[in-house]
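Since the structure comes first, as C-alpha cells, the remarks are kept for the end.
Just so you know, these numbers use all the heavy atoms, side chains as well, and skip hydrogens, waters and symmetry mates. By convention here, the first residue in the shown sequence is residue 1.
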Amino acid sequence: ILLLRDPTERAYSQYQMRSRRYQKLAGNGTFEATMEENFSLMELCGLPIIHNQPNHENNNDSSNGKKDNASEKNEYHTTRTMSQIQNQLPAWSNYARNIADMSTKTSKRKDKQLTHLARGLYIFQLYQWLEVLIPHVGGVHNLKKHLLIVDNEAMKKDTQSVFDRVLKFMDLPPFTLPNDKQTSSTKAVEHQKRRRAKRVGKIHGYEPMKNSTKLRLQGYYRPYNAALHVLLQEVGLDEVGFAKEDYWKEMHNNALLS
C-alpha cells in the first residue's frame, strides 16, 4: 500500500518535523535555506532543477490580442516523458547513493535534511519498484491485485471510503469506523491539531509556507507529478489528485491570490 501526499506539502511538513526534533541541525532555521541545499545536491548528482511556471506574457497573440490556443495547451501540459524519466534514473540512483554515503559517514542527522524535496519525486521511486514488481506478479494486468495507491488528501476527506478500499485490497471483511474517525473534519483530528500546536508552542502549529516558496516548489514538482499521472494511467493503478493538472492549476492560482 503506497500512500502519496502532495510533494510540496510533504516536503514542508518533513522539514518542520525534523527541525523540531533536531533544532541544532536546522541550519539558519529557514525552509528556504534547506531547500537550496536540497537543490544543490540534486543538481550535483545530475537531476535537473527546472521550475515550470505559467508564461502569462506569451499567452496572447500579438497580432490580434487573443489567446494562442496552442500556447495555452502547452502551458498546462508540461511533463516529463517516460524516456526522460528513464534517462534521469542514473542521476536519481547517484543521488540515493550520496545520501546513503552521508548517512554512514556521520552519526548526525543533517543528511536527512537533504531528502525533503527528493522524497517527493515519486515517479522515480515508483518506476523502479514497478520494474521489479510487474515481472514478479506476472504482468501489468495483475498489478492492481498487489499494489494499492492511496491519495493522502482523499483519505483525509473521506477516511471511511479509503478504508473500505484498503480492506477490500487486503481481502478483509468490511468494518465501519467510529464516527469520529470517518473524516478529517472530526473532533478527534481537531484535538490532534491542538495538541500539536501546543507541543510546538504556536497557536496553529507552524507558520505557513511562504507563497513565493510554494510557487517555486509547485513549479518544480509539476512535470514529475504529470509524469506520475501518466505512469499510473498506463499501468492501470488508481490516480492521485495532486498529479492531475487541474489540481496544479488550482493550487498555483490559490498561491498567486494569497
Which residues pass the side chain to side chain contact (heavy atoms under 4.5 Å, CB included) test with [X], not counting sequence neighbours?
{"X": "M209", "value": "T8, Y12, F31, T213, K214, L217"}
{"X": "N94", "value": "C45, R97, N98"}
{"X": "A154", "value": "D151, V162"}

message: Going by the rule side chain to side chain donor-acceptor pair (under 3.5 Å), which residues pair with E234 if we only count those two or more places apart in sequence or in a different chain?
response: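 In terms of side chain to side chain donor-acceptor pair (under 3.5 Å), with neighbours along the sequence ignored, E234 is linked to no residue.
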
field: Derivation and outcome, side chain to side chain contact (heavy atoms under 4.5 Å, CB included), residues H116 and M35
entry: CA-CA 8 Å; H116 299 338; M35 185 173 71; over 6 Å; no

query: Y224 vs F124 aromatic rings, parallel, tilted or perpendicular, using cut-offs 30° and 60°?
result: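 Plane angle between 30° and 60°, so tilted.
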
Taking the side chain as everything from C-beta on, heavy atoms only, tell me whether [X] gets closer than 4.5 Å to [Y].
{"X": "L4", "Y": "L126", "result": "no"}
{"X": "L237", "Y": "L2", "result": "no"}
{"X": "Q84", "Y": "P223", "result": "no"}

Pair [X], [Y]: side-chain N/O donor-acceptor within cut-off below 3.5 Å:
{"X": "Y247", "Y": "D6", "value": "yes"}
{"X": "S212", "Y": "E32", "value": "no"}
{"X": "R222", "Y": "Q218", "value": "no"}

What's the shortest heavy-atom distance between [X] and [Y], and which atoms?
{"X": "P48", "Y": "Q88", "result": "CG-NE2, 3.7 Å"}
{"X": "Q16", "Y": "E207", "result": "NE2-O, 4.4 Å"}
{"X": "M42", "Y": "A118", "result": "SD-CB, 3.8 Å"}
{"X": "Q125", "Y": "L121", "result": "NE2-O, 3.1 Å"}
{"X": "T115", "Y": "R10", "result": "O-NH2, 4.0 Å"}
{"X": "L215", "Y": "A255", "result": "CD2-CB, 3.6 Å"}

message: Using the rule given for side chain to side chain contact (heavy atoms under 4.5 Å, CB included), can you reason through E153 versus E9, listing the C-alpha separation, both sets of side-chain angles and the distance that settles it, and then say yes or no?
response: CA-CA 11 Å; E153 191 64 25; E9 301 298 331; over 6 Å; no

- prompt: Can you name the ring pair (Phe, Tyr, Trp, His ring centres under 6.0 Å) partners of Y127, sequence neighbours left out?
  reply: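 Checked Y127 against ring pair (Phe, Tyr, Trp, His ring centres under 6.0 Å); zero matches.
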
Interatomic distance, [X] atom [atom1] to [Y] atom [atom2] [nearest 0.5 angstrom]:
{"X": "L228", "Y": "L232", "atom1": "CG", "atom2": "CG", "value": "4.5 Å"}
{"X": "N253", "Y": "W248", "atom1": "CG", "atom2": "CH2", "value": "8.0 Å"}
{"X": "D164", "Y": "L172", "atom1": "CG", "atom2": "CG", "value": "12.0 Å"}
{"X": "R5", "Y": "L3", "atom1": "CZ", "atom2": "CG", "value": "9.5 Å"}
{"X": "E245", "Y": "N225", "atom1": "CD", "atom2": "CG", "value": "9.5 Å"}
{"X": "L117", "Y": "R119", "atom1": "CG", "atom2": "CZ", "value": "11.5 Å"}

Taking only distance into account, with no hydrogens and no angle test, what donor-acceptor pairs under 3.5 Å do side-chain atoms of residues 140-150 form with protein atoms, sequence neighbours excluded?
unit_1: N142; atom_1: ND2; unit_2: V137; atom_2: O; d: 3.0

- request: Identify which one of W129, F242, Y221 satisfies the ring-ring contact (aromatic ring centres under 6.0 Å, His included) criterion when paired with Y122.
  value: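 With Y122 as partner, W129, F242, Y221 yield a single ring-ring contact (aromatic ring centres under 6.0 Å, His included), made by F242.
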
- request: Is it possible for you to say whether V132 and I85 belong to one hydrophobic cluster, with membership spreading through side-chain heavy-atom contacts below 4.5 Å?
  value: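 No: no chain of side-chain contacts under 4.5 Å links V132 to I85.
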
